[in-house]
There are 2 protein chains.
Amino acid sequence: MIVDERRSRILQIAEELGFVSLQRLVSELGASESTVRRDLEFLDSSGHIQRTRGGASYLGDAQSDFDARRSLASREKQWIAKRTAELISEGETVLLDGGTTTLEVARHLTGKTIQVLTNSLPIASLLMNRPEIELIFIGGYVYPKTGVALGELSVDALRKIHAGRLIMSTGGITEEGLFNSNALLVETERQMIRAVDRVTLVADSSKFGQRALSHLCPLSDVDEIVTDDGVSSEWRQRMESAGLRMEIAGGSLVKIAK
Amino acid sequence: MIVDERRSRILQIAEELGFVSLQRLVSELGASESTVRRDLEFLDSSGHIQRTRGGASYLGDAQSDFDARRSLASREKQWIAKRTAELISEGETVLLDGGTTTLEVARHLTGKTIQVLTNSLPIASLLMNRPEIELIFIGGYVYPKTGVALGELSVDALRKIHAGRLIMSTGGITEEGLFNSNALLVETERQMIRAVDRVTLVADSSKFGQRALSHLCPLSDVDEIVTDDGVSSEWRQRMESAGLRMEIAGGSLVKIAK
DNA sequence: GCAAGTTCAATCATCATCATTCATAATCTT
DNA sequence: AAGATTATGAATGATGATGATTGAACTTGC
């Protein structure tokens with residue numbers, strides 16, 4: 001086998017598993033232990049993997065995490081995401097907040113000719129190579145783990161832009177409005193709201209009644225909520241009487257291929 | 001068989017498979033090993049394919065193989081990247097330009113407690129989950145394929161920040177200064193230069209003598225250049241007499257462009 | 001703390017791939 | 001058609017990659 005091809009396969013396997021033992025690579029690649037060792041040494045010194053005793057671990061996001069995140073996106077989130085994406089028509093300009101649900105929404109946006117603005121690194125990475133989507137990234141301090149840009153730079157950038165619709169996530173919803181756990185995040189999301197004509201909130205039904213550290217905005221700032229059918233009629237009425245349109249995404253969808 | 005016909009068949013096969021071994025081409029084309037080698041050399045220097053030991057891989061639009069995770073850079077780029085990373089000390093604030101070489105530099109920055117600012121989506125994705133690196137993204141219009149943020153938003157963001165050092169890439173270097181192919185990119189890079197104390201250019205030796213569409217800046221804006229040892233002593237002297245420090249990284253084999 | 005078992009880096013002989021050279025064949029010029 | 005130019009294929013030595021072996025460094029279990 002060609003050397004580069006073998007090294008690519010090592011990276012592929014490492015990415016998939018997060019960690020590979022040397023022995024596994026030996027048997028999977030059909031190369032000798034020495035050769036695999038040399039490959040690992042090379043990939044380590046080039047910064048792709050981190051050698052450890054007995055094998056090597058992948059640097060950066062292991063795919064297992066990624067897939068976990070995807071499958072952890074519950075059926076409810078998938079439904080919400082799909083329904084939300086259906087609300088968006090060709091040619092629109094959409095501002096996408098960070099979050100797992102909004103990431104699922106982004107997945108469903110591919111194929112539409114639209115303009116997307118976002119402060120989420122995972123969403124941007126996802127849409128980067130899609131020629132039909134014009135992507136604008138809202139920069140700022142990148143919050144670890146979530147990969148969302150926040151802070152003064154983000155707020156400044158948001159002051160200069162405008163979009164037709166905001167797809168926003170939240171930590172919790174009560175009659176007093178929306179909440180989130182992080183003050184920096186709240187500051188950024190407030191500016192997002194000011195930058196758009198229409199605010200669409202995506203929130204699974206567990207978020208209703210939840211409070212969090214920082215108050216984000218009153219209900220009147222939100223135009224519509226897309227949620228799943230686990231929301232109580234009580235909450236539904238409260239929201240509707242506050243003037244919000246409720247979009248319930250249910251199981252009446254096409255079954256997801258196994 | 002006609003020369004051009006054989007070469008276009010090589011391209012065809014390479015495009016289809018992404019990678020072809022030399023042996024396969026020999027048996028598929030019925031030409032001798034020497035001839036196929038010569039063809040590969042030609043197609044490599046003309047930029048269609050990338051020769052590797054044992055075969056060649058197709059380049060076509062595979063620039064979108066900007067997949068931060070799995071891409072394997074050439075040895076020259078690796079050397080340059082490693083040496084450049086060594087120039088950066090703990091606690092520094094570094095502004096990283098987009099580009100394949102700077103991406104490799106980013107790979108070698110892991111483990112250092114530093115602050116990184118960048119407008120490159122692949123670099124940001126790579127460094128996102130590294131707790132020791134404080135990451136700030138310079139937002140803007142995301143240029144397809146390369147994943148670099150450009151334009152007015154980027155320039156505005158750059159106006160507000162400051163860093164100790166800029167690691168910059170370029171399309172070409174002559175005595176008149178640096179060049180790049182894209183006007184938007186040039187505009188953004190100019191602002192980058194203004195935002196830092198010290199400019200470090202990373203450029204493999206093939207860039208010397210190359211001009212491109214847009215003039216980026218004079219040589220006096222650059223403080224040091226990290227390149228590979230394929231650079232001629234002539235160019236080296238020209239750069240040094242212009243007051244630039246030349247840092248020559250590693251190895252010996254460099255293809256001479258046709 | 002010791003012994004058995006792993007894992008590792010270093011070395012070496014072997015093999016594959018590569019750049020170079022040269023003689024010959026094909027193609028282009030005039 | 002003769003001479004010049006270029007392409008081809010085989011041969012050669014140089015360089016790089018591979019796999020086996022060895023003793024050192026490390027882990028594990030007691």
Side-chain angles (χ1 to χ4, degrees), chain A residues 1-14 17-59, chain B residues 1-14 17-59 72-79 82 204-206 228-230 232 249-258:
Chain A
M1 188 187 304
I2 308 299
V3 49
D4 280 356
E5 187 186 342
R6 192 182 53 241
R7 288 175 181 164
S8 281
R9 280 194 59 194
I10 289 177
L11 280 185
Q12 201 177 328
I13 293 169
L17 304 176
F19 177 89
V20 247
S21 73
L22 190 133
Q23 287 311 320
R24 165 150 197 182
L25 285 174
V26 167
S27 64
E28 197 128 342
L29 299 170
S32 76
E33 197 179 300
S34 299
T35 300
V36 176
R37 266 184 216 291
R38 273 185 282 254
D39 284 343
L40 292 185
E41 189 185 349
F42 172 85
L43 291 171
D44 176 74
S45 79
S46 71
H48 288 83
I49 62 172
Q50 169 81 50
R51 274 189 88 176
T52 62
R53 177 156 264 260
S57 53
Y58 188 74
L59 280 177
Chain B
M1 189 186 303
I2 307 297
V3 177
D4 287 337
E5 186 189 340
R6 192 182 52 241
R7 287 179 180 164
S8 69
R9 274 195 63 192
I10 289 178
L11 278 186
Q12 200 179 325
I13 294 170
L17 304 176
F19 184 93
V20 246
S21 73
L22 188 132
Q23 288 310 321
R24 165 150 196 182
L25 285 173
V26 166
S27 64
E28 196 127 345
L29 299 171
S32 76
E33 197 178 296
S34 298
T35 300
V36 176
R37 268 184 215 290
R38 273 185 280 255
D39 285 343
L40 292 185
E41 189 185 350
F42 174 84
L43 291 171
D44 176 76
S45 74
S46 69
H48 290 91
I49 62 172
Q50 168 77 50
R51 271 190 92 177
T52 65
R53 200 176 178 78
S57 51
Y58 187 71
L59 274 186
L72 295 170
S74 71
R75 247 183 312 182
E76 289 78 23
K77 284 190 178 168
Q78 299 258 9
W79 284 326
K82 198 159 190 171
D204 61 87
S205 57
S206 69
D228 60 80
D229 58 5
S232 68
S252 54
L253 288 176
V254 166
K255 190 82 5 77
I256 295 156
K258 212 170 193 177

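The figures that follow rest on heavy atoms only: side chains count, while hydrogens, waters and symmetry mates do not. Throughout, protein chains are lettered first and strands after them, A, B, ... in sequence-line order, and every chain is numbered starting at 1.
- Summarising the geometry of B/Ala14 relative to B/Tyr58, their closest heavy-atom pair is O-CB, 3.4 Å, with the distance given to 0.1 Å.
- For the helix from C/dG1-D/dC30 to C/dT30-D/dA1, the rotation axes defined at the first and last 5 base pairs enclose an angle of 50°, given to the nearest 10°.
- The nearest whole Å value for the distance from the CD1 atom in A/Ile2 to the C1' atom in D/dT18 is 13 Å.
- Annotation: of the two residues near DNA chain D, A/Val3 and B/Thr35, the 5′-most nearest-nucleotide partner is B/Thr35.
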If you apply the rule salt bridge (charged side-chain N to carboxylate O under 4.0 Å, His left out), what do you find for B/Glu41 with B/Arg37, and how did you get there? CA-CA 6 Å; B/Glu41 189 185 350; B/Arg37 268 184 215 290; over 6 Å; no
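- Taking atom CD of B/Glu41 as the reference point, atom P of C/dT21 lies 13 Å away to the nearest angstrom.
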Close N/O contacts between protein and nucleotides 10-13 of chain D (under 3.5 Å):
unit_1: D/dA10; atom_1: N7; unit_2: B/Ser34; atom_2: OG; d: 3.0
unit_1: D/dA10; atom_1: N6; unit_2: B/Ser34; atom_2: OG; d: 3.3

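- The interatomic distance linking B/Leu40 (CG) with C/dC18 (P) rounds to 8 Å, in whole Å.
- Using a 4.5 Å cut-off on side-chain heavy atoms (C-beta onward), B/Leu40 and B/Ile49 make contact.
- Taking the side chain as every heavy atom from C-beta outward, B/Gln78 and A/Ser45 never approach each other to under 4.5 Å.
- Tested against B/Arg6 for a side chain to side chain contact (heavy atoms under 4.5 Å, CB included), the candidates B/Leu11, B/Leu25, B/Thr35 yield a single pass: B/Thr35.
- Residue A/Ser21 is out of contact with every strand shown, counting any heavy-atom pair closer than 4.0 Å.
- Minimum interatomic distance between B/Trp79 and B/Ala249 (heavy atoms only, all atoms of both residues): O-CB, 3.5 Å.
- Between the C1' atom of C/dC8 and the CZ atom of A/Arg37 lies a distance of 5 Å, rounded to the nearest Å.
- Taking atom CD of residue B/Glu5 and atom P of nucleotide D/dT8, one finds them 12 Å apart after rounding to whole Å.
- A/Glu33 and A/Val26 make their closest contact through CA-CG2, 3.8 Å (heavy atoms, listed as atom of the first residue, atom of the second, distance).
- Taking atom CD1 of residue A/Ile10 and atom P of nucleotide D/dA17, one finds them 14 Å apart after rounding to whole Å.
- Following rounding to the nearest Å, B/Phe42 (CZ) and D/dA7 (C1') show an atom-to-atom distance of 13 Å.
- The two atoms that bring A/Asp44 and A/Gln50 nearest to each other are OD1-CA, 3.5 Å, heavy atoms only.
- Here the OG-CD distance, from A/Ser21 to A/Glu28, works out to 9.5 Å after rounding to the nearest 0.5 Å.
- D/dG9 atom P lies 11 Å from atom CG of B/Leu29, rounded to whole Å.
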Between the protein and nucleotides 25-30 of chain D, are there any N/O to N/O pairs under 3.5 Å, and if so, what are the atom names and distances?
none

Residues B/Glu5, B/Arg9; criterion salt bridge (charged side-chain N to carboxylate O under 4.0 Å, His left out); working and verdict: CA-CA 6 Å; B/Glu5 186 189 340; B/Arg9 274 195 63 192; 5.7 Å; no
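- Nearest approach of B/Val36 to B/Ala31, heavy atoms of both residues: CG2-CB, 4.2 Å.
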